[in-house]
Amino acid sequence: MTTHTHSYNSGEYIRVDGTNFSIAQISASGQCFRMTEQEGGWFQVIANGQRLRLKQEQPSTSNKCQKNSVILMDCSEADFQTIWKSYFDLNTDYRRFLTGIDPADTYLQSAVAYGSGIRILRQDLWEMIISFIISQQNNIRRIRKCIETICTHYGTKIDHINDVNTCSDSFYLFPTPEQLATATEDELRALGLGYRSRYLVETARSIASGEISLDALKSMDYPSARTELLKLCGVGAKVADCICLFGLHHLEAFPIDTHIRQVLTSHYPDGFPFESYSGYEGVLQQYIFYYDLNSSH
DNA sequence: GCCCAGGACCTAT
DNA sequence: ATAGGTCATGGG
């Protein structure tokens with residue numbers, strides 16, 4: 001992976017080469033709900049207290065393999081090195097997870113080939129807790145909508161002024177535990193959060209009060225963190241595993257939702273070979289999920 | 001109208 | 001322990 005810095009009228013952007021990384025696949029993989037497609041092939045993600053714009057350049061040759069494409073990120077070299085490189089988990093070589101699949105497992109081979117370019121992002125723990133409480137018995141489109149709603153009502157507004165044409169451009173950060181703890185159940189229900197409103201209020205207060213410590217969770221191994229997360233209202237086995245995988249980067253967490261359960265029963269009637277992929281089961285889970293959700297096979 | 005969407009809680013056995 | 005009913009909302 002190599003980077004090059006370029007400047008433009010009011011800042012600089014980074015060209016990243018050789019990442020084996022697909023923005024579109026990450027965006028569609030249902031792990032990062034605040035990563036959205038914009039016009040002209042650009043995406044944006046709001047994370048780490050800021051907004052990043054990014055775009056994948058199509059390879060000029062007829063080879064459309066995204067592994068070798070270039071990614072543009074609207075940020076400084078310093079921010080890329082200290083923030084975004086880690087956020088997108090670009091220091092991890094995913095080939096070691098994907099090249100050792102059992103050749104006889106044609107379904108998993110297909111899933112891994114279909115989703116090559118997906119990575120497990122290193123997202124904010126608190127944001128993952130709330131996001132995946134909202135995700136239960138819900139579809140991705142409405143999950144995104146619900147999250148944007150609580151961001152605009154309880155999160156900090158960030159204003160950007162475009163010097164060229166003086167049009168304002170603003171976005172909202174994900175609310176802090178303290179900010180969300182000011183919400184009432186009735187407020188959230190009025191905003192369309194439904195029966196999950198009570199879960200959000202109680203969990204926000206558990207975290208804001210320190211009853212459950214985010215820092216403590218970050219220092220725990222997977223089994224301990226999972227057990228601790230199950231104490232939160234609205235967090236069951238599946239949501240706890242999503243939080244462990246996406247918010248704590250415990251790659252051995254294997255969330256079993258409706259899609260995964262159906263794949264396991266139809267393609268692995270004798271059991272999924274977890275032992276063969278010990279330590280990174282969750283990476284494969286995400287490839288199976290993406291494949292099942294988007295390939296329409 | 002019915003069914004489903006990255007399930008969890010509550011209650012009754 | 002565990003099985004069944006209930007919970008909001010929006011789209012197909």
Side-chain angles (χ1 to χ4, degrees), chain A residues 25-36 111 114-115 118-121 123-153 174 183-207 212 222 225-268 272 281-297:
Chain A
Q25 287 182 323
I26 294 281
S27 179
S29 71
Q31 59 173 303
C32 178
F33 300 108
R34 302 205 75 198
M35 186 166 174
T36 54
Y114 183 78
I118 291 177
R119 293 168 166 272
I120 308 298
L121 303 189
Q123 300 187 76
D124 179 70
L125 172 60
W126 158 249
E127 183 171 337
M128 292 302 98
I129 291 172
I130 296 303
S131 295
F132 280 94
I133 287 176
I134 291 173
S135 79
Q136 66 183 251
Q137 198 67 20
N138 209 339
N139 59 67
I140 292 179
R141 175 186 159 90
R142 194 163 84 96
I143 295 166
R144 284 203 158 94
K145 183 186 167 194
C146 289
I147 290 173
E148 289 312 309
T149 297
I150 65 171
C151 288
T152 55
H153 280 82
F174 196 87
T184 66
E185 183 179 341
D186 288 342
E187 274 177 19
L188 293 176
R189 283 180 180 273
L191 293 174
L193 272 293
Y195 70 89
R196 306 166 191 82
S197 300
R198 194 186 111 233
Y199 302 161
L200 297 182
V201 168
E202 294 200 17
T203 290
R205 289 178 183 166
S206 295
I207 302 294
I212 302 287
Y222 165 58
R226 186 182 136 105
T227 300
E228 186 71 3
L229 285 166
L230 288 173
K231 296 177 182 174
L232 293 170
C233 181
V235 176
K238 186 269 173 183
V239 170
D241 279 331
C242 283
I243 297 168
C244 285
L245 183 56
F246 303 127
L248 291 169
H249 210 71
H250 290 311
L251 298 184
E252 65 266 50
F254 190 92
I256 298 179
D257 60 36
T258 52
H259 296 105
I260 299 296
R261 188 175 303 281
Q262 201 218 341
V263 169
L264 293 185
T265 57
S266 60
H267 289 94
Y268 299 92
F272 186 81
E281 300 92 326
V283 177
L284 302 185
Q285 188 274 2
Q286 193 59 10
Y287 278 80
I288 295 171
F289 179 81
Y290 175 77
Y291 183 55
D292 183 69
L293 195 65
N294 296 298
S295 74
S296 68
H297 54 282

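Just so you know, these numbers use all the heavy atoms, side chains as well, and skip hydrogens, waters and symmetry mates. Lettering of chains follows the sequences in order, A, B, ..., and the numbering in each one begins at 1.
Nearest to the side chain of A:Phe246, among C:dC7, B:dG6, B:dA8, sits B:dG6. Side-chain proximity of A:Gln137 to the nucleotides B:dA8, B:dA5, B:dG6 is greatest for B:dA5. Distance from the side chain of A:Asn139 is smallest for B:dG6 among the nucleotides C:dA8, B:dG7, B:dG6.
Here the separation of B:dC2 from C:dC7, taken at their P atoms, is 15 Å to the nearest Å. Taking the C1' atoms as reference points, B:dC3 lies 15 Å from C:dA8, given to the whole Å. Rounded to the nearest Å, the gap between the P atom of B:dC4 and that of C:dG5 is 15 Å.
In this structure, A:Ser27 contributes its side chain and A:Thr36 its backbone to no donor-acceptor pair below 3.5 Å.
In this structure, the CD1 atom of A:Ile129 is 14 Å from the P atom of B:dA8, given to the nearest Å. Here C:dA8 presents its C1' atom at 9 Å from CG of A:Asn138, a figure rounded to the nearest Å. If you take CD of A:Gln262 and P of B:dG6, they are 12 Å apart, rounded to a whole angstrom. To the nearest angstrom, C1' of B:dC9 lies 9 Å from CD of A:Gln136. One can place CZ of A:Arg141 at 12 Å from C1' of C:dT9, the figure rounded to the nearest angstrom. Distance CD (A:Glu185) to P (C:dC7): 13 Å, rounded to an integer number of Å. Between the P atom of B:dG6 and the CE atom of A:Met128 lies a distance of 16 Å, rounded to the nearest Å. To the nearest angstrom, P of B:dC9 lies 9 Å from CG of A:Leu230.
In the interface, the side chain of A:Tyr290 is not paired with the base of B:dG6 through any donor and acceptor atom under 3.5 Å apart.
Remark: A:Lys238 is not in phosphate contact with B:dA8, judged by side-chain N or O atoms under 4.0 Å from OP1 or OP2. Contact check, A:Arg142 against C:dG11: no side-chain N or O comes under 4.0 Å of OP1 or OP2. Phosphate contact (OP1/OP2 of B:dG7, side-chain N/O of A:Ser135, threshold under 4.0 Å): absent.
Looking at which nucleotide of DNA chain B each of A:Gln285 and A:Tyr199 is closest to, the 5′-most match is held by A:Gln285. A residue-by-residue look at A:Ile260 and A:Val235 shows that A:Ile260 has its nearest nucleotide of DNA chain B further toward the 5' end.
Atom-to-atom distance recorded for A:Phe272:CZ and A:Leu284:CG is 5.5 Å, nearest 0.5 angstrom. Atom-to-atom distance recorded for A:Ile147:CD1 and A:Arg34:CZ is 8.0 Å, nearest 0.5 angstrom. Between the CE atom in A:Met128 and the OG atom in A:Ser135 there is a gap of 10.0 Å [rounded to 0.5 Å].
Residue contacts for A:Gln286: at a heavy-atom cut-off of 4.0 Å it reaches a base atom on one of the strands shown. Using a 4.0 Å heavy-atom distance criterion, A:Arg196 is classed as a base contact. Within the nucleic acid shown, A:Arg198 comes within 4.0 Å of sugar-phosphate atoms alone, with no base atom in reach, counting heavy atoms only. The residue A:Ser29 sits close to a base: some heavy atom pair falls under 4.0 Å. Base engagement by A:Gly30 is indicated by at least one non-hydrogen atom pair under 4.0 Å involving a base atom.
Residue side chain A:Phe132 fails the stacking definition with respect to B:dG6, as its ring centre and the base's six-membered ring centre are not both under 5.5 angstrom apart and under 30 degrees in plane angle.
Centroid-to-centroid, the aromatic rings of A:Phe33 and A:Phe132 come within less than 6.0 Å.
Ring pair A:Tyr290/A:Tyr114 is tilted by interplanar angle, where 30° to 60° counts as tilted.
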